[in-house]
Amino acid sequence: MIDYSSIEKKWQAEWEKARIFEPEPSDKKPFMVTAAFPYVNTALHIGHLRTYGTADALARYKRMRGYNVLYPMGFHATGTPILAFAKRIQKGDSELIRELKIFHIPDDEIKKMVTPEYIAEYFVKTVEKDMRTSGLSVDWRRKLVSIEPIFGKFIEWQFKILNEKGYLTKGKHPVGWCPNENNAVGMHDTQHDVEPEIEEETAIKFKVDGEDASFICSTYRPETLDGVTNIFVNEGSTYVLCRMDGENFYVSKSAANILSYQRGVEVSRELPGKELLSKKAINPFNNEVVPVFPGYFVKESLGTGVVMSVPAHAPFDYAAIERLKASGYNTGEIRYKRIIDVQIGRSLSDVSVGEAKPVHVDLPSLAYLEVLHTDVNAIDDMLEFATKLQYREESHWGKMLVKGYEGMSEPEAREKIKKQMVDSGKAIMIYIVQNAPVKCRCGYDVVVKIVDNQWFLNYGDPKWKEMVRQNFEQMRILPPKARNGFAAAIDWIDLRAVARSQGLGTRLPVDKSVIIESLSDSTIYPAFYTIISLIRNVDVEKLRPEFFDYVYLGKGGVDEVAKTTGIEYETIKRCRDSFAYWYQETSRHSGPDLIFNHLTMYMFNHTAIFDKAYWPKQIVVNGMVMSEGEKMSKSLGNIIPLVDGAERIGIDPLRIVETTSADLLSDSEYSESSVNGVKERLEYLKSVIDNIAGYESGEFKHIDYWLYSKINRKIERATAAMDALELRDYATDVLYNSIIELKRYFDRGGSNGTVLREYLQNVALMLQPVAPHISEELHHSLGNEGFAALEKWPIPDSSMISEKVESEEELVTASLDDIKRAWELVTKKSPDKRPSRVSLVVASDWKRRAHGELAKSKDVGKTIASLRADGVSPEAAAKYVGKIAKEMNRLREVSTTEEDEFKALGEAKGYLEKALGAEVAVEMESKSKSARAERAAPLKPSIEIIF
RNA sequence: GCAGGGGUGGCAGAGCCUGGCCAAAUGCGACGGGCUUAGGACCCGUUUCCUUUAGUGGAUGCAAGAGUUCAAAUCUCUUCCCCUGCACCA
């Protein structure tokens, strides 16, 4: 058994002692690998190995390919999560404590986690330890934490530049807001961690006839305005007349309160809903005067509490009006007006619609109730269903009938009408919490507030976008299929709020009252790794913008900067050199969840700040890790802390399973069985190496050449796979196929120590990227000195790759297979017959020529003629060529000769006899008298089973 | 709704870009056999249907439908369904 734990500890200590992962600029080609730094609210679990292990695999591979490789690491602590974390600990939150216990965090440590600073300190320590346990080839001298003052200086400089370039702007922005605590709330601040989903609604002003006031109706479908027949209010609710933006409005009392966070609202007086029923309203779209009805379904707390009624296109509206009529309410004459044309029920299958045919196609909402086998008295859930169906079909396939918008699709008309109404002052946009009620941790309902002094980064800036697109074209995205996602993200990203009033982090230089939001302060930090270890001893206050200007932008001169900042000349110069060196070639790694935020912001900020030469070169996105078919999560309790995994399973097997068991972008699957499979294979490799001394060298046999061919082909393929970071393909070749090949080699009597040693030496080295410890151990077991981690990546010897040798080996396998099949069929049908001997006949060389010629000429006649000219009998030539002509387009040249095949099968005779338990004879067709000999084809000898 | 990624055999999951060697790798499961006192492990075989007393031939088949082609899991179009993201949150 391999003792992973002690092997890992041993090599980690050796690497550390030799400081082999602490690179400095040199004349070698640089390669810098960075992975998204972890947020410090948890220890690592085995799933984290996916991203960090993939990045490490690339780092180690590139190192072996002769690059000077830098793989630095830092820690993210800015933002609100550890603030909330500290509060929860203060309150003794049992759920959180239970989660921490999964990671074996001792009680006395948990007790101390009442300040975010301590939490950060604790997890920085823990995660670094976890990463060291993982055997990552990280240069720990460059460690940084995003809440360090030194980091703050760097961020301040970054935002100073962004501001100077005009990318920092100020404006209005809707946010989730707690009216009680008076601050913005995000997901981390709500009960059950619910994200308040903010949605925009159009609120249409319906002037009250004869009054200086309007109803204001919120709606998702302003395009249906032309179909409004009346206004609905809840007659049992309290309404107010209020003043907003210099106009008077009727809204529900609770709506007035909610709206007051978005606009200035002054309540003039309260009134019961009933009082509104006597009023008339003017539709701003078509100036029709419409009445006000009581709507049983109107909720005062939703939107404005006043609803415009479009009965032809809203089942609720239609049902409410019909029920009013039925109850004897005087509605006056209602003229239902169809404004969207669509094939009703088209998305439903015939089965669910059954016999129901929409009769009232001029009144779509009724027609929708009809296809659903119901009517105006349906329960609310049914009406809700009909509403959704109608809305979906109309917006998907509907064509507008409204004058001026004829034939338009609904979404297009919606945007046009919305814009027209808002621009002409007939409507305003309001925001609602779409998934209301969302409760703040303090217990109050979250509302939407429009913050008007919000700072944004204007990622929508066309010139900026253009720069990013330009760089993106040059960039390498791995895997290539993630490329479309990035292109979409670059197009989509727009204004992004960059400041918050709370949380840990750096204050915005242009407005010290706010803190830079935590994703925005971690976009160009990889550049900071290149210099941080050089300025650790510099007084933080000396890190003035002039310093960074020189280091990152080459502005000014070293003397000048040394004078203004007081930093030593040599330090400044080394920083500039270090940045300019390492940033030539970079690779950024993360999970796919960061494509639409961090990774895109990474591209934008780099292009905004740095010179072209230092723009991003490569981004790698990898999938996540699933555990036994389920997503790993603390609440499911299926998290395996990294320390446990290292101890119970071993880091190398874990790294192999997680980084190589799926496509780069697909989620990989951790399971006991997959880990065991990997371990068995590693054990097998080790056992062969442990016994290597027992194999003597000698003259090479066919199977030795075969193994040479295999190893060199393997190197070729593994190298190509690593270049594309296709770790799954790489591992299939290097690990899984190696086992199969070795077993076959021994099966076929292979026993040459020289060949085996070379094979294993290469396999051991090629395991280095994903299984660095085992690789190191095997490398040394083979008697090598020096670190595998620093060895040259194997180079294939293409002269040893032989199509012919491999074909011959396949010939043996395929023949054995065919013999078994035929054998079985014969003995099944005649159980009393006992075959005693098998005779194989390999095909004459003229048949090989036939293949080659036919493949080239595609001409049956010509091929036959050419064979006859060579002295082949006309009958045999015609018969054979006729047979192979059927698969003319699949024919290939054959690399073996009759002689080759004869020899190969001859050498394998012993093997075949053992496998079959019968005598085997091999003949050449040109010399055979067997009746079945003519059936022989290249690489497919004829078989005769003799009884 | 918008954007991105998908839909393959009992399951998981390759193949699709670059059409033919694909009844479709590999792993798991199931079944049969070997080994064993027995179980596990291991080894061999089977795992769409029909056909074949010699290594075979055929049908159906990769979400559904249509198209392009001598040839489609693979290319094009349409439809249906699933997953992820949609922001101030790391």
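Lettering of chains follows the sequences in order, A, B, ..., and the numbering in each one begins at 1. Every value quoted in this text rests on a predicted model; they were computed, and no experiment measured them.
Of the P atoms belonging to B:C11 and B:U79, the separation is 28 Å, rounded to the nearest Å.
In the set B:C43, B:A90, B:A87, the nucleotide with an atom closest to the side chain of A:I493 is B:A87. Of the candidates B:C43, B:A90, B:A87, B:A87 carries the atom nearest the A:D494 side chain, counting heavy atoms from C-beta on. Candidate nucleotides B:C43, B:A14, B:A90 were compared by shortest atom distance to the side chain of A:K743, and B:C43 ranks first. Closest to the side chain of A:D663, out of B:A14, B:C88, B:G55, is B:A14. Closest to the A:K940 side chain, of the nucleotides B:U56, B:A54, B:A87, is B:U56.
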N/O to N/O distances under 3.5 Å, protein versus nucleotides 4-11 of chain B:
| unit_1 | atom_1 | unit_2 | atom_2 | d |
| --- | --- | --- | --- | --- |
| B:G5 | OP1 | A:N484 | ND2 | 2.8 |

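Every residue two or more places apart in sequence or in another chain was checked for a side chain to side chain donor-acceptor pair (under 3.5 Å) with A:S501, and none qualifies. Scanning for salt bridge (Lys or Arg N to Asp or Glu O under 4.0 Å) contacts around A:K940 gives A:D818, with sequence neighbours left out.
Here A:E944 does not pair with A:R837 in a salt bridge; the nearest charged N to carboxylate O distance is not below 4.0 Å.
A:S815 comes within 4.0 angstrom of no nucleic acid atom, judged by non-hydrogen atoms across all strands. Using a 4.0 Å heavy-atom cutoff across all strands shown, A:H598 reaches no nucleic acid atom at all. Among the protein residues, A:P941 comes within range of the nucleic acid bases, having at least one heavy atom under 4.0 Å from a base atom. Here A:E944 lies in heavy-atom contact (under 4.0 Å) with a base.
For B:C31, the paired nucleotide is B:G45, the pair qualifying as Watson-Crick or G-U wobble because both relevant distances are below 3.5 Å.
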